[in-house]
Amino acid sequence: MTETAAHTATRVLVLSGPSGSGKSTIVQQLIRDCSVPIRMCVSATTRAPRPGEVNGEHYHFLTLTEFEQRRQRGDFMECAEVHKTGNWYGTLWSEVELTQSLGKWALLEIDVEGARNVMKMYPHAVSIFVTLPSLDEFERRLRSRATESEEVLQRRLQTARDELKLIDCYRFQVVNDDLGQAVREICQILSDQEAKLHAR
Ligand code: 5GP
């Protein structure tokens, strides 16, 4: 971690939510439509790229050895093995610094373990958990995506159940039963925080 990042990590938005909660769509619309400037920090991961994913754009794809070297160098704000898949994911300080040098909110779309670590370091970070009205709705959405095997789907559902237990750790919770409404709610939360920062 560099001193700059450690001292200026004020505009940090941590967003979590189970697979199928619609996080990715929310993120795209939020960045496009919210008047508060936001930049998504590109995480590093050891998982293989999916078709269409571009290195440096969707993720920084690293080998396990590269990831470990960078972890030991202190390049990560947080990192975690996600969904018990053996794949590691991490937020790079360089991404947070770059975002802040642009005067934007650093958006971290990360799992609950990573989120809790960031919240410990930065209690003033804005943390939002995106959820759906029910677990049945999660299952329906996961199945309609149909990109995963039954085994992976069941694992994701179990992860969703586990993640929902930690929902109270987040400062805000947004139910995504209406996409536009969810985006507006998150944008409003950020606008309120931005106003508070200016009032300081
Ligand atoms: P996927 O493999 O589907 O892109 O992502 C799987 C999970 O990894 C998502 O729940 C996402 O929130 C989480 N994730 C992505 N980047 C990071 C990161 O930098 N740190 C942590 N802790 N989790 C991440």
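For reference, positions follow the sequence shown, starting with 1. Start at 1 and go down the list; that is how both ligands and their atoms are numbered.
- With ligand atoms numbered from 1 in the order given, ligand 1 contributes 18 (C), 19 (O), 20 (N), 21 (C), 22 (N) to contacts under 4.0 Å with heavy atoms of Glu78.
- Residue-to-ligand polar distances keep Cys79 apart from ligand 1: every N/O pair is separated by 3.5 Å or more.
- The residue among Lys23, Glu109, Arg50 with a heavy atom at the shortest distance from atom 10 (O) of ligand 1 is Lys23.
- A tilted orientation is assigned to the rings of Phe67 and Trp88, their planes being inclined by 30° to 60°.
- Shortest contact from atom 2 (O) of ligand 1 to any protein heavy atom: Tyr89 OH, 2.5 Å.
- Of the protein's non-hydrogen atoms, Ser43 OG, 3.1 Å is the one closest to atom 16 (N) of ligand 1.
- Val152 forms part of no hydrophobic cluster, judged by ILVMFWY side-chain heavy-atom separations under 4.5 Å.
- Donor-acceptor pairing under 3.5 Å is recorded for the side chains of Asp162 and Gln158.
- Residues Phe138 and Thr131 form a side-chain contact, since some pair of their non-hydrogen atoms from C-beta on lies under 4.5 Å apart.
- Proximity of His58 to ligand 1 is not established, as no heavy-atom distance is less than 4.0 Å.
- A salt bridge is absent between Arg70 and Glu66: the closest approach of a Lys/Arg side-chain nitrogen to an acidic carboxylate oxygen does not fall below 4.0 angstrom.
- Against a heavy-atom cut-off of under 4.0 Å, Val82 is close to the following atoms of ligand 1: 7 (C), 8 (O), 23 (N).
- Within the structure, the closest approach of Tyr59 to ligand 1 falls below 4.0 Å when heavy atoms are considered.
- Not a single heavy atom of Glu113 sits less than 4.0 Å from an atom of ligand 1.
- Expressed to the nearest 0.5 Å, how far CD of Glu109 lies from CG of Leu107 amounts to 7.0 Å.
- Of the candidates Leu108, Asn87, Asp111, Val118, Asp111 brings a heavy atom nearest to atom 13 (C) of ligand 1.
- Under the side-chain contact (heavy atoms from CB on, under 4.5 Å) criterion, Glu95 pairs with Arg39, Cys41, Val42, His60, Leu92, not counting sequence neighbours.
- Heavy-atom proximity to Arg47, at under 4.0 Å, picks out these atoms of ligand 1: 1 (P), 2 (O), 4 (O).
- Residue Glu150 qualifies as enclosed at atom CD: its count of foreign heavy atoms under 6.0 Å is above 12.
- Residue Thr91 approaches ligand 1 through these ligand atoms, each under 4.0 Å from one of its heavy atoms: 19 (O).
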